[in-house]
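Here is the structure we will look at, set down as structure tokens.
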Amino acid sequence: AQSVTQLGSHVSVSEGALVLLRCNYSSSVPPYLFWYVQYPNQGLQLLLKYTTGATLVKGINGFEAEFKKSETSFHLTKPSAHMSDAAEYFCAVSDRDGGSQGNLIFGKGTKLSVKP
Amino acid sequence: DAGVIQSPRHEVTEMGQEVTLRCKPISGHNSLFWYRQTMMRGLELLIYFNNNVPIDDSGMPEDRFSAKMPNASFSTLKIQPSEPRDSAVYFCASSLLQGAVTDTQYFGPGTRLTVL
């Protein structure tokens with residue numbers, strides 16, 4: 001069965017500092033991988049996704065993530081944090097062979113705080 | 001361009017009462033998903049529909065929960081009778097392509113349900 005582990009339920013960085021949010025997955029086949037962001041009192045919004053091709057994926061708001069098969073990881077990064085990045089971030093995996101028919105398995109989420 | 005619309009945004013009810021949550025997906029989208037988010041369990045898929053047909057309801061916690069999609073522009077999630085442990089934020093999401101694992105899911109703002 002697929003699973004997603006996000007290391008650290010809370011991450012705090014200073015404005016301008018590097019953001020690194022960790023995600024590891026478990027899947028019997030190479031998965032599709034997603035990062036979603038949830039701002040307070042809002043629904044989830046897609047940041048980026050990896051399906052095929054280049055393993056370094058660029059998303060919205062300056063975020064990017066790299067798929068590393070050998071490490072079963074898909075960590076999210078941003079070179080310089082902005083106050084507006086404060087939100088909760090969710091990593092998700094979907095089954096490549098289509099067995100889940102579009103089902104996403106979400107991690108527990110990492111809440112990012114940005115200090116001035 | 002309207003996104004996914006959910007109503008009500010907040011619902012407070014007493015144990016034993018019936019609760020109905022509503023969702024209007026993005027026009028033209030063929031798949032609709034219902035999720036539940038709690039602190040303890042994170043984000044869980046309850047059920048999803050393709051072309052108004054329920055495909056996978058294995059996430060529905062018990063018989064007290066039911067979901068319908070009578071047409072392409074409307075879905076309901078009903079809890080009867082409600083219990084305090086049903087308190088959570090319920091999200092509806094829709095996507096364009098039927099069963100496409102790579103397709104982006106667009107989330108509504110959620111309904112915060114409190115059962116006293």
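For the numbers below, each heavy atom of this structure counts, side chains included, while hydrogens, waters and symmetry mates do not. Please read all numbers here as calculations on a predicted model, not as lab measurements. Quick note on labels: first sequence line is chain A, next is B, and so on, each numbered from 1.
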* Do B/Phe33 and B/Ile55 share a hydrophobic cluster (ILVMFWY, side-chain heavy atoms under 4.5 Å, transitive)? -> yes

Quick check on [X]: does its [atom1] atom have over 12 non-hydrogen neighbours (other residues, nucleotides or ligands) under 6.0 Å away?
X: B/Arg112; atom1: CZ; value: no
X: B/Glu18; atom1: CD; value: yes
X: B/Asp63; atom1: CG; value: no
X: A/Met83; atom1: CE; value: yes
X: B/Tyr90; atom1: OH; value: yes

* Selection from B/Arg41, B/Gln37, B/Gln6 maximising heavy-atom pairs under 4.5 Å formed with chain A -> B/Gln37

* Asked: Of the non-hydrogen atoms in B/Phe107 and A/Leu44, which two are nearest, and what is the gap between them?
  -> CB-O, 3.3 Å

* For B/Phe91 against A/Gln38, the heavy-atom pair lying closest together -> CZ-NE2, 3.1 Å

* Structure fact -> Rounded to the nearest 0.5 angstrom, the CD-CG distance for A/Glu88 and B/Leu43 is 9.5 Å

* Output the distance between atom NZ (A/Lys108) and atom CE (B/Met40), rounded to the nearest 0.5 Å. => 7.5 Å

* chain B contact via A/Gln45 - which portion, at a heavy-atom distance below 4.5 Å -> neither

* Might you work through the side-chain contact (heavy atoms from CB on, under 4.5 Å) test for A/Leu104 and B/Tyr35, ending with a clear yes or no? => CA-CA 10 Å; A/Leu104 291 176; B/Tyr35 291 89; 4.0 Å; yes

* **Segment of B/Leu45 engaging chain A (4.5 angstrom heavy-atom cut-off)** => side chain

